Amino acid sequence: MLRKENSRSYQEFSDDDNGGDGNTLSPDFFDDAPDDLEHEEPNGSISQEDDAREISPSMRFSKACLKNVFTVVLIFIYLLLTAVAVFLAYQTISDFLDKLNHPVMSVTYKEVDSFSPAGIALYPGRAQLLSCRHHFHDYIPPLENPGEPQEGDCVYTEVTYFGPFTNQTEKRALVVRGPADVRNRELIFMQFSQNETEEDFSAITYMLFAKFSDLTNSANQSEFMRDCERNYSMWTFSGGFRTWVKMSLVRTSGKSDEAVEFRQESTVVKFNDKRPEPEQSNQLFFAVFEWRDPFMQEIRLIVTANPWNSIAILCGVFMALFKAANFAKLSVQWIVRMRKRHLRNKARELNQVTN
């Protein structure tokens, strides 16, 4: 508006001067004209520089707004990546601690031709051992004169000791050397007899431990049997039946020690007592012990937590956090710089308007 008015007043004075009415302008009149007159085109139009000067503030505002929006989006992405990195670090540490406290089990089977003879500790109580014989290929010949003592070929020993849980109770254990030749399916067949008692049920308790030689080589057999009873399980077989026990050996390797235990499968067959009725008052027990198969099961506890993998993941997470923090710092500095530039340009425009 100011430029148009100045242009119109200049043309009016020019027309008056050309009209020759004798009125003359002072030489200092054009000195009071605005500087914009210097950029006026001969035909009275506004120059391209003035158009660009009028458009540039809006363009600068749109660019600054776009850059601010882009910066906000980048900061949001930074916060999202930071949250993901923190969660990943927490999850990595939790998984490492969980794997460290819960090792996995690695099960392998080792085939052998023979086992070390196991120790079979029996607690017959009032029952009497009638016979103990070795047989092969799962063949047990028919019984001859059941209920009467017979010849045997087993190696056994008797041990008396006080139990680990009841120190006042003395126990008598009959420890038999177990079978060894698993390829030929060696087994041990034992029979006991017990006179009629007032009990409703009668059974013989037994226990299995790793090696019979550990007992014979022990300096204190009573203490050895006490430790075995403390660490091994106890089983029973009943009277009037033939109990067939198939054993398997399991070795468990832990973090610091190694344990040996037995697993067994047992089947029970009723004994057809053909003795005369007066002799049937003497109850009979039959037990067969045999290795189940030639495989030894080995269980190892393996800790799958690898500290180096966890450390590598954490290092990567911390590097990502460091880079993200550096990016956030540069973004904030850039926002501050853009804000200062915007305020400086705005102040310059206000100064031009006021001047």
Side-chain angles (χ1 to χ4, degrees), residues 112 114-136 140 146-182 184-195 202-239 242-251 259-264 266 282-292:
V112 297
S114 62
F115 287 95
S116 298
I120 306 173
L122 302 110
Y123 301 88
R126 297 181 180 179
Q128 178 185 1
L129 177 63
L130 297 180
S131 65
C132 178
R133 297 186 62 87
H134 288 262
H135 299 281
F136 293 92
I140 300 177
E148 296 182 2
Q150 301 176 6
E151 294 182 359
D153 54 2
C154 295
V155 178
Y156 60 89
T157 182
E158 291 188 6
V159 181
T160 57
Y161 66 96
F162 290 97
F165 307 108
T166 56
N167 294 329
Q168 302 300 325
T169 303
E170 185 178 17
K171 292 187 174 183
R172 182 178 66 91
L174 180 65
V175 185
V176 180
R177 184 178 183 269
D181 192 352
V182 65
N184 293 322
R185 306 181 71 88
E186 180 185 5
L187 59 87
I188 290 179
F189 175 66
M190 292 181 288
Q191 58 175 323
F192 296 83
S193 66
Q194 182 179 1
N195 294 329
S202 57
I204 293 178
T205 304
Y206 67 94
M207 175 182 64
L208 304 174
F209 58 90
K211 295 180 180 180
F212 178 78
S213 59
D214 291 342
L215 173 64
T216 57
N217 297 331
S218 177
N220 191 338
Q221 295 184 357
S222 298
E223 186 67 25
F224 177 81
M225 291 301 299
R226 186 182 297 108
D227 293 337
C228 287
E229 185 176 348
R230 184 182 295 110
N231 298 320
Y232 290 96
S233 300
M234 307 287 288
W235 292 281
T236 59
F237 58 91
S238 302
R242 187 188 70 179
T243 304
W244 197 302
V245 179
K246 293 187 176 182
M247 306 174 294
S248 61
L249 189 62
V250 180
R251 296 183 182 274
V260 179
E261 63 177 342
F262 281 88
R263 294 179 182 175
Q264 64 172 13
S266 60
N282 188 9
Q283 193 172 20
L284 298 180
F285 301 79
F286 303 95
V288 180
F289 291 91
E290 179 189 9
W291 290 105
R292 185 181 65 178

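Computed from heavy atoms alone, side chains included, the values below leave out hydrogens, waters and symmetry copies. Computed from a prediction, not measured in an experiment: that's the story for all the values here.
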Can you check whether [Y]'s main-chain N or O pairs, donor with acceptor, with [X]'s side chain at less than 3.5 Å?
X	Y	value
Asn195	Asn282	no
Thr157	Val175	no
Ser222	Val159	no
Glu186	Asp181	yes

*Between Phe285 and Phe237, how do the two ring planes meet: parallel, tilted or perpendicular, split at 30° and 60°?*
perpendicular

Ring-plane angle category for Phe286 and Phe189, please: parallel below 30°, perpendicular beyond 60°, tilted otherwise. parallel

Could you check whether atom OH of Tyr232 has more than 12 heavy atoms from other residues, nucleotides or ligands sitting under 6.0 Å from it?
yes

4.5 Å side-chain heavy-atom contact, [X] and [Y]:
X	Y	result
Arg263	Arg292	no
Lys211	Asn217	no
Met247	Pro179	yes
Val288	Ile188	no
Phe212	Val155	yes
Phe192	Leu174	yes
Gln194	Ile204	no

(message) Can you see whether Ser202 engages Gln283 through a side-chain donor-acceptor pair at a distance of less than 3.5 angstrom?
(response) yes

TODO: Output yes when Arg226 and Glu229 qualify as a salt bridge under the 4.0 Å nitrogen-oxygen rule, no when they do not.
DONE: no

Salt bridge (charged side-chain N to carboxylate O under 4.0 Å, His left out) pairs touching residues 149-158, sequence neighbours excluded, are Glu158-Arg172

Dump the intermediate steps for side-chain contact (heavy atoms from CB on, under 4.5 Å) on Tyr123 and Met207, then the final yes or no. CA-CA 9 Å; Tyr123 301 88; Met207 175 182 64; 3.6 Å; yes

- For the pair Cys154 and His134, evaluate side-chain contact (heavy atoms from CB on, under 4.5 Å) and give the outcome as yes or no after the intermediate values. CA-CA 7 Å; Cys154 295; His134 288 262; 4.0 Å; yes

Would Phe262 and Leu249 count as a side-chain contact (heavy atoms from CB on, under 4.5 Å) here? Give the steps.
CA-CA 5 Å; Phe262 281 88; Leu249 189 62; 3.8 Å; yes

Residue set satisfying disulfide (SG to SG under 2.5 Å) with Cys228, at least two apart, ordered chain then number -> none

